[in-house]
Amino acid sequence: MRLENRFEVAAPVDEAWALLNDIPRVVPCMPGAELTETVDANAWKGVVHVRLGPVALQFGTDVAREAADDAAHRVVLVTKARELRGRGSAQATIESSLREVDGTTNVEIVTELNLQGAVAQYGRGLVPEIAAQLTKQFADNVAALLDQEHDSPESAERAAPPPPVPVGGLGLGVRALWARLVRLLRRR
């Protein structure tokens, strides 16, 4: 499945590019994500915590930077995730492109996502809406981090990342269903 999301941050493109390519600094901005190991300059391991009502899922995730073009502000990440209790897996290719517009940065994220196993059934039909909600939370967190660095660069470097909070699937699911309902009603 192909997911397309966009957001804007109030920072010059070079600052946003530097942050989005600093995986240890940016991972805590993703809801439910936790970096567990830096393998090398282009590979990382992590855990993503997701809660869908009473079901708690944890995904062991391998992330690799497949391509990066500093001049074009484009990066491609490949992820492979497996649910730690064997309830499924996911693979994604994530291409992010940044473009500066009047001192702000527009970020476009195109994800090719493949879900397998029970995980695919849990999220069937809601994945695009949930991805949009997660992207919004991620964008808000990135913007807050960039603002913090503008206000006090030395304290931002010393600040420890917050502990990961599982992504709450029920709340995301309700918002996703609501977004879908609103779109259906607008068509009529």
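With values rounded to the nearest 0.5 angstrom, Q58 atom CD is found 5.5 Å from L84 atom CG. Rounded to the nearest 0.5 angstrom, L20 CG and L146 CG are separated by 7.5 Å. A distance of 9.5 Å separates CD of E4 from OG1 of T111, quoted to the nearest 0.5 Å. The CD atom of E83 sits 12.5 Å away from atom CG of L115, with the distance rounded to the nearest 0.5 Å. Atom-to-atom distance recorded for N42:CG and E66:CD is 11.0 Å, nearest 0.5 angstrom. Here D70 contributes atom CG and N21 contributes atom CG; the two are 7.0 Å apart, rounded to the nearest 0.5 Å.
Across C29 and N141, no two heavy atoms sit closer than the pair O-ND2, 2.8 Å. In plain terms, the two heavy atoms of I109 and S96 that are nearest each other are CG1-OG, 3.8 Å. Taking each heavy atom of T105 and P12 in turn, the nearest pair found is OG1-C, 3.2 Å. Considering all non-hydrogen atoms of both residues, L19 and R25 come closest at CD1-NH2, 3.3 Å. Here the shortest heavy-atom pairing between A81 and T61 reads CB-OG1, 3.7 Å. Considering every non-hydrogen atom in both A16 and V9, the closest pair reads CB-CG2, 4.0 Å.
The side-chain hydrogen bond (donor to acceptor under 3.5 Å, both in side chains) check on E112 picks up R2, with sequence neighbours excluded.
In this structure, the side chains of R87 and L57 come closer than 4.5 Å at one or more pairs of heavy atoms. The shortest side-chain heavy-atom distance between I94 and T79 falls under the 4.5 Å cut-off. Annotation: side chain of V26 is in contact with side chain of F138 (closest heavy-atom distance under 4.5 Å). Contact of the V107 side chain with the S97 side chain is not registered, since no non-hydrogen atoms from C-beta on lie closer than 4.5 Å. You'll find the side chain of D69 stays beyond 4.5 Å of the side chain of V75, heavy atoms only. Looking at V39 and W44, their side chains never come closer than 4.5 Å, going by heavy atoms from C-beta outward. Considering only heavy atoms from C-beta on, F59 stays 4.5 Å or farther from S89 through its side chain. Contact of the L3 side chain with the L113 side chain is registered, since non-hydrogen atoms from C-beta on lie closer than 4.5 Å.
V110 and F7 are members of different hydrophobic clusters when ILVMFWY side chains are connected at heavy-atom separations under 4.5 Å.
A donor-acceptor distance shorter than 3.5 angstrom exists from the side chain of R65 to the backbone of A41, with no hydrogens or angles considered.
Salt bridge annotation for K45-D62: present, with a cationic side-chain nitrogen under 4.0 angstrom from a carboxylate oxygen.
A salt bridge (charged side-chain N to carboxylate O under 4.0 Å, His left out) check over residues 88-105, counting only residues at least two apart or in different chains, returns the pairs R74-E95.
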